[in-house]
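Sequence lines set the chain letters: A, B, ... in the order given, protein chains first and strands last, and positions in each chain run from 1.
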Amino acid sequence: MNLETSIGTIVAEAVKTLYALEIDANQIQLQKTKREFEGDLTVVIFPFVKAARKSPEQTGQEIGEFLQKNNPLISAFNVIKGFLNLSISQNYWIETLNEIHCNPSFGTKTATEDAKLMMIEYSSPNTNKPLHLGHIRNNLLGFSIAEIQKANGWKVVKTNIVNDRGIHICKSMLAWKLYGNGETPASSGLKGDHLVGKYYVVFDKAFKAEIKELMDKGLSEDEAKKSAPLILEAQKMLLAWENNDTEVRRLWETMNGWVYEGFDKTYKQLGVDFDKIYYESETYLEGKSEVERGEASKAFYRREDNSVWADLTGDGLDEKLLLRADGTSVYMTQDIGTAKLRYNDYPINKMVYVVGNEQNYHFQVLSILLDKLGFEWGKSLVHFSYGMVELPEGKMKSREGTVVDADDLMEEMIETARETSQELGKLDNCTPEEIEAIARMVGLGSLKYFILKVDPRKNMTFNPKESIDFNGNTGPFIQYTHARIKSVLRKAADQEIDFSSLTGTDFAISEKESYLIQVLTEFPAVVRQAGEEFSPALIANYIYELVKEYNQFYHDFSILKEENQTIKQFRLVLSESIAATIKTGMRLLGIDVPERM
RNA sequence: GGUCCUGUAGUUCAAUGGAUAGAACAAGUGUUUCCUAAACACUAGAUCCGGGUUCGAUUCCCGGCGGGACUACCA
């Protein structure tokens, strides 16, 4: 039984005995005592004052006396206004630390044989442009959520759906064919995804020029967009693709191959991966046949122009197109097919889509459509809807060239970390490989922490110039603390001090130390909550608090110079437990922590 | 127009309905013969406006005002 439950139970007992008030133990409001007051844990008294028919102060006093008499864990108490502050005995904290220290998987669970399976879709790139800052948030959130759910005992399958077909893909193919002169990643030195992205932009420019020309000739903008030779050519190419035209298919495979090679590098650098990748080119046909099945079962209907629609007005939404008049599929069609295939492939208990909040409507509709098609899991899809990353000047727009490229950004962060390390001169006796590995850990740690510490549901601002920070509430601050603890532990090991466990428990510790243990004990609950709320930010903020507290301790107390051997051992055990928790917590965020930096 | 999200120091972020709204960066100042100063300490600075519910509201409800997203035979 943990501390909260045991205190909750005894408080419930107290109010029952004193005031004949029946209250459930987990309804008791408990909170960590604020720093400026004496105590560890606080009971909020206000809910009992009515039944007690006494002042909050008096009620608190009575409950406090009851608790102290009946629970040896409570060493002292005080009442301020309606708050009963309890001090917990030092022995409790010391023994708790020992338990934490002995538990290598503290805070996390491992999936059992019969654990439920969660599939998490994230990343979902288009093969016509390189990944940018928005994708970074998506990838980091998806990966971290997967780690967090695993730590909560789920089996997790990480999946990626690649938008590898469609008119937009044909655009870059066409531009390459027309203007590329056979350029390849090898011949140009460009990363594959960047090369293809370049031709997507080339297409857009040429297309715009054609539109302007046509408009100058008197066409309306809409007419111009529909009749520009380039777009007609792209549509022809899509049709050829759908008809398995050998030449088009070969070009498609070649260019997508370049892109995948590029994406793989980016994913690897970012430290994310997938267990199963789906491609829209392999799922869209399934979607089409599902829509046709839905039409046959009258869930959907066909219009005179031969297009297929779902009427969602009964659900408070509009009508939704599912197949175009020419029979080709749309985004929604493909997502239906992909969902079905996934449930065929895996015994999914929970399906989670990590997709930006701009697609809230899409997923609302998807869920309803799958339900209408008779899939009992349709309504249970979870859209993990996260906020956009904005730049100080507003939203990123690829066409206006204001996107922050993922590869460039990561490289920049690593370079800055490299320079900082060099300036501080702390790695002078490390090998070049070690220095490089640390620069990478710190640079990426800074970026990842910056993104993940923010509540995922909120939009966030990224300032390329100012957001790169290695001081304060940042990844490197946490990494630094870990490295510093490790350094102390190495020295202790050199001196052959045994800190494998506490040999005694009968000694006095400071408030700072017992507080640190208290913060440590919260870790499992934070991991659980982060899983329930899909929020890596909770873990990030928790670790920051732990680290900040530890740094104060480190500054004010000596570890290796402490003369009392028992206390020295205690501080080493405490430090090692904190280092382990930092490492576990950061691992849940997908951030590595170095042994030295 | 409709639906949804959002508004906290100069800036970027915190705060299960609880005590004097926390941090970090930026500004100003101090701490290194001492386990890593990428640290620690100090100073100054904020809940968009108006109602309501409550013993208590940044949080919940209603109404304004501001910002954003969606509302495509694009994905």
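Residue contacts shown for A/Phe477 are limited to sugar-phosphate atoms, with no base heavy atom under 4.0 Å away. Heavy atoms of A/Gln29 sit under 4.0 angstrom from at least one base atom. Within 4.0 Å of A/Met597, counting heavy atoms only, lies at least one base atom of the nucleic acid. Across all strands shown, A/Thr328 has no heavy atoms under 4.0 Å from either base or sugar-phosphate atoms. A/Lys491 comes within 4.0 angstrom of the backbone, heavy atoms only, and of no base. Using a 4.0 Å heavy-atom distance criterion, A/Arg596 is classed as a base contact. Heavy atoms of A/Phe37 sit under 4.0 angstrom from at least one base atom. In this structure, A/Tyr331 reaches the bases: a heavy-atom distance under 4.0 Å links it to at least one base atom across the strands shown. At the heavy-atom level, A/Asp455 lies under 4.0 Å from the strands shown only through sugar-phosphate atoms.
Interface remark: the A/Asp305 side chain does form a donor-acceptor pair with the B/C73 base, using a distance-only criterion of under 3.5 Å. For a distance-only test at 3.5 Å, the side chain of A/Asn85 qualifies as a donor-acceptor partner of the base of B/A19. Between the side chain of A/Thr474 and the base of B/A24, no donor-acceptor pair of N or O atoms lies under 3.5 Å.
The aromatic rings of A/Tyr353 and A/Phe363 lie tilted to each other, with the angle between the two planes from 30° to 60°.
Searching all strands for a Watson-Crick or G-U wobble partner of B/U12 with both distances below 3.5 Å returns B/A23. When both pairing distances are held under 3.5 Å, B/C42 makes a Watson-Crick or G-U pair with B/G28.
Distances were taken from every side-chain heavy atom of A/Lys548 (C-beta onward) to each of B/A39, B/U12, B/A23; the shortest belongs to B/A23. Here the side chain of A/Thr33 is nearest to one of B/A19, B/A37, B/C74, namely B/A19. Distance from the side chain of A/Tyr480 is smallest for B/A39 among the nucleotides B/U71, B/A39, B/C35. With B/C40, B/A75, B/C34 as the choices, the nucleotide that has an atom nearest any side-chain atom of A/Glu280 turns out to be B/A75. Here the side chain of A/Tyr554 is nearest to one of B/U12, B/A37, B/U71, namely B/A37. When the nucleotides B/G7, B/G18, B/A69 are ranked by their closest atom to the side chain of A/Glu358, B/A69 comes out on top.
Between A/Glu563 and A/Lys568 there is no salt bridge, since none of the side-chain N atoms of the basic residue sits less than 4.0 Å from a carboxylate O of the acidic one. In summary, A/Lys81 and A/Glu57 do not engage in a salt bridge, as defined by a charged side-chain N under 4.0 Å from a carboxylate O. Between A/Glu545 and A/Lys32 there is a salt bridge, since at least one side-chain N of the basic residue sits less than 4.0 Å from a carboxylate O of the acidic one. Checked for salt-bridge contact, A/Glu533 and A/Arg528 miss the test: no charged N lies under 4.0 Å from a carboxylate O.
Ring centers of A/Phe450 and A/Phe462: under 6.0 Å apart, within the cut-off.
B/U53 and B/U12 have their C1' atoms separated by 34 Å, with the value rounded to a whole Å.
Separating the NE2 atom of A/His362 from the P atom of B/C5 is a distance of 19 Å, rounded to the nearest angstrom. When the C1' atom of B/C70 is taken as reference, atom CG of A/Asn459 falls 13 Å away, rounded to whole Å. Taking atom CG of residue A/Leu323 and atom C1' of nucleotide B/A72, one finds them 16 Å apart after rounding to whole Å.
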